[in-house]
Amino acid sequence: MKIRSFTKRLSFRFSFLAFLVIVLPMSIALGVLGGKLRDDFKISTLNRFQEELESKSEKAMSMLEIAKGELAAFVQDINEDFMEYEGVKKGFSSGIPTMAFYHTELYKMFVIDTRKTMWKSTNYLQMRIIDTTGREIIRFNRTKSGIEQVPFEELQDKSKREYFKHIMEQDGGEVHVMPVSLQREHGKISLPPSPMVRIGRKIFLESGEVFGMAVLNVAPEMFFGSLPSEKKAGFLIIDEAGTYLRHWKKGGLFGKDLGHEANLLTEEPELKAALQRQDSRIHYDSELEEYRVWKKIFFDDDRSNYWIFMERHSEASIILPWMSVVYNGLRILTVVLILGFLIFMFVLRKILSPLNDLHAGIEELERGNLMARVPLKSKSRIGEITLAFNSMAEKLETASRELQAAKKQAEEATKLKDKFVSIVAHDLRAPFVSIIGFLQIILKDKEQSLTENQKDKLERVLSSAKNQATMVDELLRLNRLQTGEILPKFSFVDGRQLIDNTMEKLSYLAIEKGIEMLNEVPAGMRLYVDEELFSGVVLNLLFNAIKFSEKGDKIKFFKPLDRKTAIAIQDTGIGINEEMLPHLFKSETKTTTTGTAGEKGTGLGLPFSHEILQAHSGTLTVESSKGQGSMFIAELPHVKPCILLVEGDRVTRVFFKKHLEGLGAEILEAVNGEEALAILKDAQVHLIVSDLTMPVMDGFQLLKEIKKNLTTKSVPVIVITSDKEIETREKALRLGAADFAAKPMEPEDFIPRVRKFVG
């Protein structure tokens, strides 16, 4: 500690001197220049932002003009078609086509022209021709598979839509751009919400009568970019009403249509006033400490409808270029300080080299290197300490070697003991089985003329032999568990049901002794255990409780309030001596005693139960007082089931996930077999629910991969399929499927199947 203190004092003095000579003058110089640099950089940066915004707005306007031009050309083609097909005019009455129109060459030309216009841009989402009554005559939709014409019987009445009314009210044949709104189907907002820009123009007959209109639906991405905005959380677009058309958060879009507050002009009335006065501006908001750069884009002649492109920049981000100059100065200063520190360290090392060697030796010793020694470089006090250190290290090394040898002997003795126990137990079991067999034959042989006294003695010998055979079996099981020959096979089980099954096995003993048994473990309590091993623990605890209880006593299973996955068994029996409690779970200490009805035990049940709980990463504890009964608590780790849902269709996947989450499980999702295998590499999954028909890798291929991998082979798989063919199910079973579920899913059938595996 003294060495470190001295080093710190010397370093501080040197650093303070460097501060006076270098840092202070540089700080004053940077302070004088900083103010001017900051203002100049701020102005240039804001001008650059304004130029970038002008470029974005010009690009949006040019794309809008292209779309308007395409629609104008389309309507012009239609008007020329009317002039070319003179005979078709007879099929119209007041500009409304009759059914005969749909069998004309003109209608076929409409279809060709509409489809051709739709092909010109992937941003053209829908195009339709509507007559003067609002009824659709033709409609084309862009889908994932291409451009599709809507069948005649599915065409709709659009007479109540705002864009239809607006275009019909306009004079002349100009192209009109409607305000951006959300896509609606049969009057309801489509889900997920999809914004849409609509461009429309009237269609006139040669007589001047209005035939109807052409309406083109354009994705706003064509003008605004991707929705929601790019990661840059500063660029947004609003309309003249303040509604967000482009925002960096999905929740901010189209608040007025979706029924929640998301309107910039409502949120900031001062900004609303400024926007109404000017078309383009750089504005500073002192409250938020940020700059607003905006540009209006008008898309109609009366300048009543427009979009506002806006960028928001915090003052801190504006002065970043100025800060870079400061950082450059700091870098130079840092280099100077590092050089000075290196010089200081060189001098200090020369002066304190012996002390540094000693410190390094101590660190090596702390890391466990007992062969560490420090070279003797001085006969001073430090040299004396060095000699003492080397002597101590030699003694530690000798002691460590002796300790390692003793440890090795102990480990070998333990292995020898385990082997001895296993051999002896195996060798003892066969004679005991023979003895028990012969004794049973003698007692059942009616030709043997045995007196009652002889029968009683033989029965006592038989009982003792059975007890010893049981002890040998438990000793073997305990030895196999300790040496790792028995490994738990985990699954989810219902804790209450497990207790019910155990109580049923020993109910006859409780009835004989007049003992009442209660199961207050809540239904559906989920435990992640090896069912066979843990049932053995519960059976052993219940047997002991009956053994040490008397007529009129009660035995109760329950879940302690403060523990999620623990089961307690409490009895009102005779209790356990306090001095015996620390030794109950030790196999090397004999703790067995005779029960209240003379029952005998092996003394190995509790040690075996304790070992099982340890193999489950759990604990077994006891609370007892003589004459006051006993309580044993088996506590297990809380494990939340993890289900991997593999389904290619998003809607179906959402439906299945909704029901699976109701089971209190963690749900992982994959859209095909390849994604599922990637997830299985990193996640511990307890159940896989997989469709059979999927892209990339189907359910059959996934089953093959799962079952040939040692780490996933034991994971159960429920197959979901709409194919009712027996061959399909038999194939899945051969590949290792554990169960089937029908598709479409019926919850009352599907959920019980899942519960079999996750509780």
Query raised in the report: Any luck finding a side-chain donor-acceptor pair between Lys158 and Gln156 under 3.5 Å?
Result: yes
Report task. Specify the closest pair of heavy atoms between Phe740 and Arg753, including all atoms of both residues, with the distance to one decimal. Result -> O-CD, 3.0 Å
Query raised in the report: Are Lys551 and Lys513 close enough that some pair of their side-chain heavy atoms sits under 4.5 Å apart?
Result: no
**Report entry** side chain to side chain contact (heavy atoms under 4.5 Å, CB included) between Ile546 and Ile555, worked out
**Finding:** CA-CA 8 Å; Ile546 296 172; Ile555 299 173; 3.6 Å; yes
Report task. Examine Lys556 relative to Phe558 and say whether NZ or CZ is less than 6.0 Å from the centre of the six-membered ring and inside a 45° cone about the ring axis. Result -> yes
Query raised in the report: Is it true that a side-chain atom of Gln628 and a backbone atom of Ser625 form a donor plus acceptor pair closer than 3.5 Å?
Result: no
Report task. Check for a donor-acceptor pair, side chain of Arg563 on one end and backbone N or O of Glu635 on the other, with a separation under 3.5 Å. Result -> no
Requested in this report: Taking all heavy atoms of Gly575 and all of Ser630, pick out the closest pair and write down the distance.
Outcome: CA-OG, 3.6 Å
**Report entry** Glu727 atom CD, neighbour heavy-atom count above 12 within 6.0 Å
**Finding:** yes
Query raised in the report: So does Glu666 pair up with Lys640, basic N to acidic O under 4.0 Å?
Result: no
Query raised in the report: Can you name the closest pair of heavy atoms from Pro695 and Val671 and give their distance?
Result: CD-O, 4.3 Å
Query - Side-chain donor or acceptor of Ser624 paired with backbone N/O of Ile576 under 3.5 Å - result: yes
Query raised in the report: What ring-ring contact (aromatic ring centres under 6.0 Å, His included) pairs are there with at least one residue in residues 684-724, not counting sequence neighbours?
Result: Phe492-His686, Tyr528-His686
Query raised in the report: Distance from Lys704 atom NZ to Met697 atom CE, nearest 0.5 Å?
Result: 10.5 Å
Query - CD-SG distance between Gln684 and Cys642, expressed to the nearest 0.5 angstrom - result: 8.0 Å
Query raised in the report: Within the distance-only criterion (no hydrogens, no angle test), does the side chain of Thr572 pair as donor or acceptor with the backbone N or O of Lys554 below 3.5 angstrom?
Result: yes
Query raised in the report: Are Leu518 and Glu516 side-chain neighbours, meaning at least one heavy-atom pair lies under 4.5 Å?
Result: yes
Report task. Give a yes or no on whether a salt bridge exists between Lys626 and Glu578, defined as a side-chain N under 4.0 angstrom from a carboxylate O. Result -> no
Report task. Measure the shortest side-chain to side-chain distance between Arg496 and Asn519 over non-hydrogen atoms and say whether it is less than 4.5 angstrom. Result -> yes
Requested in this report: For the pair Leu606 and Leu541, evaluate side chain to side chain contact (heavy atoms under 4.5 Å, CB included) and give the outcome as yes or no after the intermediate values.
Outcome: CA-CA 8 Å; Leu606 288 177; Leu541 296 177; 3.8 Å; yes
Report task. Indicate, with yes or no, if the rings of Phe140 and Tyr124 have centres closer together than 6.0 Å. Result -> no
Query - Contact summary for Ala615 and Phe490, nearest pair of heavy atoms - result: O-CZ, 4.0 Å
Report task. Kindly determine whether Lys743 and Asp691 satisfy salt bridge (Lys or Arg N to Asp or Glu O under 4.0 Å), including the steps that lead there. Result -> CA-CA 9 Å; Lys743 185 179 177 185; Asp691 191 13; 2.9 Å; yes
Query raised in the report: What closest approach, in Å, do Leu702 and Gly673 show between heavy atoms, and which atom pair accounts for it?
Result: CD1-O, 3.8 Å
Report task. Under the side chain to side chain contact (heavy atoms under 4.5 Å, CB included) rule, what do Phe557 and Thr502 come out as? Steps first, then yes or no, please. Result -> CA-CA 11 Å; Phe557 283 97; Thr502 306; 5.6 Å; no
Report task. Mark yes or no for whether Thr652, through its side chain, and Gly648, through its backbone, hold a donor-acceptor pair below 3.5 Å. Result -> no
**Report entry** Side-chain touch Asp571/Asp553, heavy atoms, less than 4.5 angstrom
**Finding:** no
Report task. Return yes if a side-chain donor-acceptor contact under 3.5 Å exists between Thr143 and Ser145, otherwise no. Result -> yes
Query raised in the report: Would Leu527 and Ile567 count as a side chain to side chain contact (heavy atoms under 4.5 Å, CB included) if you check the C-alpha gap in whole Å, the side-chain angles of each, and the deciding distance to 0.1 Å?
Result: CA-CA 10 Å; Leu527 300 176; Ile567 290 180; 3.6 Å; yes
**Report entry** Lys756 atom NZ: more than 12 heavy-atom contacts under 6.0 Å
**Finding:** yes
Report task. Mind checking the CG-OG1 spacing from Leu677 to Thr712? Nearest 0.5 Å is all I need. Result -> 7.5 Å
Query raised in the report: Which atom pair, heavy atoms only, marks the closest approach of Gly699 to Ser690?
Result: CA-OG, 4.2 Å
Query raised in the report: Are Leu644 and Ile679 close enough that some pair of their side-chain heavy atoms sits under 4.5 Å apart?
Result: yes
Query raised in the report: Lys707 side chain to Lys713 main-chain N or O, any donor-acceptor pair under 3.5 Å?
Result: yes
**Report entry** Reported OG1-to-NE2 distance for the pair Thr565 and His616, which is rounded to 0.5 angstrom
**Finding:** 11.5 Å
Query raised in the report: Any chance the side chains of Glu705 and Asn709 put a donor and an acceptor closer than 3.5 Å?
Result: no
Query raised in the report: Mind checking whether Leu680 and Val685 have side chains closer than 4.5 Å, heavy atoms only?
Result: yes
Report task. Taking the side chain as every heavy atom from C-beta outward, state whether Arg755 and Ile751 have any pair of such atoms under 4.5 Å apart. Result -> yes
Query raised in the report: Does some side-chain heavy atom of Val150 sit less than 4.5 Å from a side-chain heavy atom of Glu148?
Result: no
Query raised in the report: If you measure from CD on Glu504 to CD1 on Ile499, what distance do you get to the nearest 0.5 Å?
Result: 13.5 Å
Query raised in the report: Roughly how far, to the nearest 0.5 Å, is CG of Leu663 from CD1 of Ile643?
Result: 6.0 Å
Query raised in the report: Do the charged groups of Asp649 and Arg653 touch, with an N to O distance under 4.0 Å?
Result: no
